[in-house]
Structure formats: structure tokens, C-alpha cells
Number of protein chains: 2
Amino acid sequence: MGTSLEPTHIDFPAERRPDPNHSDCRSVASILARVGDKWSVFVIMMLSDGPKRFNELKRMINGISQRMLTLTLRGLERDGLVTRTIFPTIPPRVDYELTDLGRGLQQPVKALGEWAMTHQDQIAAARTRFDERNGG
Amino acid sequence: MGTSLEPTHIDFPAERRPDPNHSDCRSVASILARVGDKWSVFVIMMLSDGPKRFNELKRMINGISQRMLTLTLRGLERDGLVTRTIFPTIPPRVDYELTDLGRGLQQPVKALGEWAMTHQDQIAAARTRFDERNGG
DNA sequence: CAGGATCCATTTTGATACTG
DNA sequence: CAGTATCAAAATGGATCCTG
């Protein structure tokens with residue numbers, strides 16, 4: 001392989017750990033890690049309106065390499081967010097589609113995207129100020 | 001320095017670019033990139049209930065290195081999400097606090113966290129299934 | 001078409017030592 | 001206490017070639 005899809009380990013202080021023997025925040029962290037992944041978010045968005053083929057996605061997300069698209073899709077498939085359907089034709093055809101779980105995730109992701117959308121100016125301004133006061 | 005806080009470049013296909021001359025998705029991507037950042041999310045969460053000092057945060061987020069906490073806080077400060085207040089005492093004291101912008105971001109982030117919370121079992125199960133069918 | 005395998009460059013992170 | 005500086009290790013990503 002070469003690339004691990006495993007999340008990084010995070011220790012949470014006892015006072016913050018929600019439930020001692022049910023679920024610590026590690027699993028949540030690993031999920032956030034996938035959402036945080038640049039490409040995952042875009043793939044999820046691109047699959048909003050129905051299934052897509054591999055190269056179709058590759059063209060839609062201009063700039064992603066074949067390798068990264070493969071890796072991203074594998075990760076999403078592993079998490080049960082996307083299904084992979086192979087049509088045994090020649091040439092081969094593979095469809096990727098959001099699962100119910102994936103569609104559920106889309107909602108909070110969209111909310112985040114919309115927040116980013118509506119506040120991008122404020123953030124850009126803050127960055128400029130910071131860079132001026134600083135690096136200037 | 002050594003570490004760039006700049007987002008990675010993303011090209012969007014013309015059909016998907018929301019508005020040609022106002023804002024392409026790059027800025028949104030750069031915001032998502034910060035949220036996607038493992039540590040940023042946790043720092044934002046830890047600052048929910050008021051300002052915190054550097055080492056206080058470091059203890060709360062067990063596992064983060066001093067270096068990464070510094071870098072993370074700088075990034076959040078640059079984006080206008082947290083403020084940094086220095087008390088010129090000896091020993092020095094520095095407080096970090098969420099801005100209004102930061103508190104606003106907390107909402108969608110929390111939504112995402114809650115989704116992750118409530119679906120972690122499904123995802124864990126999916127991962128196990130995938131790993132069994134696969135690596136097995 | 002849809003990848004798998006390799007190799008290499010860049011980024012990111014951690015450990016460690018030092019400072020006002 | 002709250003960092004900065006430096007170095008080494010590890011993760012990540014792209015380019016390229018190959019295959020059913």
C-alpha cells in the first residue's frame with residue numbers, strides 16, 4: 001500500500017472523556033479526520049446528485065491525482081459512506097454512490113461549507129491583517 | 001519557519017465554480033482545511049467555556065506537542081477565530097479565547113461532532129466489515 | 001476504463017534543547 | 001510560563017509505468 005488510512009492517536013483527559021467504557025473521542029477524531037480530508041469532502045459533494053464513475057469524478061475534481069482519488073474512495077468505502085459497484089463489462093465500469101450514511105454526513109458537511117462560504121470574507125480580512133501586522 | 005499554514009491549491013471545474021469573479025472554492029477549501037486539521041477542532045472545543053492558557057490547553061489536549069499547539073493557535077489567530085492576550089507578568093501569561101467568529105464556527109463543528117458521535121458505531125462496523133472482506 | 005505498484009519530492013510532525 | 005530553533009522521522013502526494 002504505502003498510505004495508512006488510520007487516524008492519529010489522541011488522548012483525552014479524563015474529565016473530558018464522555019463515557020469511560022462506551023466510546024472515547026478517538027473514534028470521533030478518526031471520523032473528523034476523514035471529513036477534514038480535503039478530497040473526501042469534495043468527493044462527497046460531487047456524489048450529491050447520483051452515482052458517478054471513476055474518471056467522471058476525476059474530471060469533476062480537477063487537480064486530484066488518480067492515486068489520491070483511489071485512496072479517497074477506498075477510505076470512504078471503508079467507512080461505509082460510499083458503495084463501489086463494478087460492472088463486468090469491457091472496458092470495465094465502476095460506479096460510486098453515496099450510502100444512506102454518506103448522505104447523512106452530507107448535511108453537517110454542507111452546514112460547514114455554508115458557514116465557510118458566508119464567512120470567507122471575514123476570514124480573508126483577518127488573515128490579511130494578521131500577515132500585515134506580522135510578516136510586514 | 002519551516003511550516004506553511006497556507007492551504008493547498010485546488011482547481012475547480014468551471015461548471016462547479018459558484019461565482020466567476022467573486023469567490024471560487026479555494027477560500028472555502030482553505031477554511032475546511034483548518035477545520036479538517038485535527039488539532040484545530042479540539043482547541044476550538046476546549047475554548048468553549050472561556051479563555052484558557054497555553055499550558056492549560058496543552059494539558060487538556062493530551063498528546064499534542066508544544067510545537068503543534070503553537071502552530072495551531074497561530075493559525076486560528078490568523079484566521080480571526082481566537083484572540084491571544086499577553087499579560088506582561090513574570091512568569092508570562094497568555095490567554096487564548098474564541099472570537100465571535102470562532103464561536104460561530106463552533107456550531108457547525110459541533111453538529112459534525114455530534115453526527116460523528118451518533119454514527120461512530122455504524123462506521124466502526126463498516127470498517128470492520130471492509131477490513132475482513134479485504135485484508136482477510 | 002479503472003486502477004495497482006513504484007519511486008521520489010514535499011509536508012507535516014515530534015523530540016529535543018534553549019530563552020526572555 | 002510560553003514560547004523559538006533545529007534536526008530527524010514519518011506521513012503525504014504526485015508522476016510514471018504497467019495491467020486485466
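In this structure, CZ of A:Arg74 is placed 7 Å from C1' of C:dG3, rounded to the nearest angstrom. Across the protein-nucleic acid pair, B:Lys38 atom NZ and D:dA11 atom P stand 11 Å apart, rounded to whole Å. Taking atom CD on B:Glu77 and atom C1' on D:dA2, their separation rounds to 14 Å, with Å as the unit. To the nearest angstrom, C1' of C:dA2 lies 10 Å from CG of A:Leu69. Remark: P of C:dC1 and CD of A:Glu56 are 11 Å apart, rounded to the nearest angstrom. Note: CD1 (B:Ile86) to P (D:dG3) measures 7 Å, nearest angstrom. Per the geometry, CD1 belonging to B:Ile64 stands 12 Å off C1' belonging to C:dG14, to the nearest Å. Spacing between atom CZ of B:Arg84 and atom P of D:dA2 amounts to 10 Å, rounded to whole angstrom units.
With hydrogens and angles left out, the side-chain atoms of B:Glu77 and B:Thr83 include no donor and acceptor closer than 3.5 Å.
Once rounded to the nearest 0.5 Å, the distance linking OH of A:Tyr96 with OG1 of A:Thr72 reads 10.5 Å.
The salt bridge (charged side-chain N to carboxylate O under 4.0 Å, His left out) test applied to A:Arg103 returns A:Asp100, not counting sequence neighbours. For the salt bridge (charged side-chain N to carboxylate O under 4.0 Å, His left out) test, no residue two or more places apart in sequence or in another chain qualifies with B:Arg53. For B:Thr70, the side chain to side chain contact (heavy atoms under 4.5 Å, CB included) criterion is met by B:Phe54, B:Arg74, not counting sequence neighbours. Taking the side chain to side chain contact (heavy atoms under 4.5 Å, CB included) definition, one finds that A:Ser65 meets it with A:Arg67, A:Met68, sequence neighbours left out. Under the rule for a side chain to side chain contact (heavy atoms under 4.5 Å, CB included), the partners of A:Pro51 that lie at least two apart in sequence or sit in another chain are A:Asp95, A:Glu97. Scanning for side chain to side chain contact (heavy atoms under 4.5 Å, CB included) contacts around A:Ile86 gives A:Arg84, A:Val94, with sequence neighbours left out.
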Considering only distance and modelled atom types, tabulate donor-acceptor pairs under 3.5 Å from the side chains of residues 109-117 of chain B, sequence neighbours left out.
| unit_1 | atom_1 | unit_2 | atom_2 | d |
| --- | --- | --- | --- | --- |
| B:Trp115 | NE1 | B:His119 | ND1 | 3.4 |

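The B:Thr70 side chain lies nearest to D:dT4 when the options are C:dC1, D:dA2, D:dT4. The side chain of A:Met68 lies closest to D:dG13, out of D:dG13, D:dA2, D:dG3.
When the side-chain nitrogen and oxygen atoms of B:Tyr96 are compared with OP1 and OP2 of D:dG3, one or more of them lie within a distance under 4.0 Å.
The rotation axes computed at either terminus of the helix from C:dC1-D:dG20 to C:dG20-D:dC1 lie 50° apart, taking five pairs at each end and rounding to 10 degrees.
Using a 4.0 Å heavy-atom distance criterion, A:Phe87 is classed as making no nucleic acid contact.
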_Generate the contact string for nucleotides 15-20 of chain D. Rules: B means base contact, S means sugar-phosphate contact only, - means no protein heavy atom under 4.0 Å._
B----B
